[in-house]
Amino acid sequence: MRKKATIEQPRSVLPSGKAENDFFTRVYEVVRLIPKGRVTSYGAIARFLGSGRSARMVGWAMNAAHHQHPPVPAHRVVNRNGQLSGKMHFGNPDEMERLLQKEKIQVVQDTVVDFEHHFWDPAKEIEFL
DNA sequence: CCGGTGACTCTAT
DNA sequence: TATAGAGCCACCG
């Protein structure tokens, strides 16, 4: 019986008044739930967050993810074909691939090998509290 | 306020 | 199988 990851229901505003549930923040929450050795896609995250065609926004969020705390494992997010389309945004163009290899994910020609086998679908793996 | 931009994806040709 | 266009919408100047 594997336990599903969980995430809080969307709330418009936190008691602090901070926008906890703005799109970027929710993207970060989802990405942080991706287990080591697994990957997902920009589109899958966008669909999970209820904005199916906003995959670009997810990419945008990743662009700003470097400064986030806790850290966001942006290297586990690739495009729908398993390609490392975001590699150029890591300090070193080979950094993204290196991080994935480190998690036993094979990468050949900027593409995750056996992508579907490693694919982690937020819609199936996360349940709301 | 406006418009260009983009770590994307889907559809039509 | 390839290529082009559109939808998407936060950010920035």
Side-chain angles (χ1 to χ4, degrees):
Chain A
M1 275 300 265
R2 193 170 53 75
K3 214 174 179 180
K4 281 191 176 185
T6 59
I7 189 172
E8 290 186 13
Q9 281 281 11
R11 255 179 281 142
S12 52
V13 185
L14 275 180
S16 65
K18 188 189 174 196
E20 147 187 300
N21 293 295
D22 63 273
F23 193 76
F24 277 30
T25 303
R26 302 205 61 213
V27 169
Y28 299 149
E29 288 176 346
V30 173
V31 175
R32 288 187 185 115
L33 293 176
I34 305 172
K36 281 185 183 178
R38 305 293 296 281
V39 294
T40 192
S41 70
Y42 304 96
I45 294 172
R47 277 193 300 280
F48 173 70
L49 294 179
S51 190
R53 297 178 187 176
S54 300
R56 303 179 80 121
M57 296 304 98
V58 177
W60 239 106
M62 292 302 95
N63 201 33
H66 291 291
H67 314 84
Q68 294 302 311
H69 188 74
V72 177
H75 61 283
R76 299 188 188 131
V77 185
V78 299
N79 77 5
R80 61 149 185 166
N81 297 313
Q83 298 171 320
L84 280 50
S85 47
K87 61 178 294 188
M88 303 313 275
H89 296 265
F90 289 73
N92 176 337
D94 296 326
E95 180 67 1
M96 186 175 187
E97 175 174 335
R98 192 184 68 80
L99 290 170
L100 289 172
Q101 302 274 21
K102 193 173 157 190
E103 298 181 1
K104 310 302 180 193
I105 294 178
Q106 299 268 62
V107 177
V108 175
Q109 295 179 334
D110 294 336
T111 303
V112 172
V113 176
D114 204 1
F115 175 57
E116 296 184 355
H117 181 70
H118 294 288
F119 187 72
W120 184 87
D121 185 355
K124 294 177 182 172
E125 307 290 351
I126 300 177
E127 61 183 325
F128 286 101
L129 293 177

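Naming convention: chains lettered A, B, ... in sequence-line order (proteins, then strands); numbering from 1 in each chain.
- Distance, Tyr42(A) OH to dC8(B) P: 6 Å, rounded to whole Å.
- Contact between the side-chain N/O atoms of Arg80(A) and the OP1/OP2 oxygens of dA7(B) is not found at any separation under 4.0 Å.
- At least one donor-acceptor pair closer than 3.5 Å links the side chain of Arg32(A) to the backbone N or O of Pro70(A).
- Trp60(A) places its CH2 atom 8 Å from the C1' atom of dG6(B), with the value rounded to the nearest Å.
- Summarising the geometry, the separation between CE on Met57(A) and C1' on dT9(B) is reported as 12 Å, rounded to the nearest angstrom.
- No continuous path of hydrophobic side-chain contacts links Leu49(A) to Val39(A) [ILVMFWY only; heavy atoms under 4.5 Å].
- His75(A) comes within 4.0 angstrom of no nucleic acid atom, judged by non-hydrogen atoms across all strands.
- The Arg53(A) side chain lies nearest to dC8(C) when the options are dC8(C), dT9(B), dA7(B).
- If you take CG of Leu49(A) and P of dT9(B), they are 14 Å apart, rounded to a whole angstrom.
- In this structure, the CG atom of Asn81(A) is 12 Å from the P atom of dT1(C), given to the nearest Å.
- Note on Asn79(A): only backbone sugar-phosphate atoms sit closer than 4.0 angstrom, heavy atoms only; bases stay farther off.
- At dC8(B), one or more side-chain N or O atoms of Ser85(A) fall inside 4.0 Å of OP1 or OP2 (strictly under the cut-off).
- Atoms CZ (Phe24(A)) and P (dC12(C)) sit 9 Å apart, rounded to a whole Å.
- In this structure, Met62(A) places its CE atom 12 Å from P of dC8(B), rounding to the nearest Å.
- The side chain of Arg56(A) has dC8(C) as its nearest neighbour among dC10(B), dC8(C), dA7(B).
- In this structure, Ser54(A) contributes its side chain and Ala46(A) its backbone to no donor-acceptor pair below 3.5 Å.
- With hydrogens and angles ignored, the 3.5 Å screen pairs no side-chain donor or acceptor of Asn81(A) with any backbone N or O of Gln83(A).
- At a threshold of 4.5 Å between side-chain heavy atoms, the hydrophobic network of Ile, Leu, Val, Met, Phe, Trp and Tyr places Ile105(A) and Val78(A) in one connected group.
- Straight-line distance from the NE2 atom of His89(A) to the P atom of dT5(B): 15 Å, rounded to whole Å.
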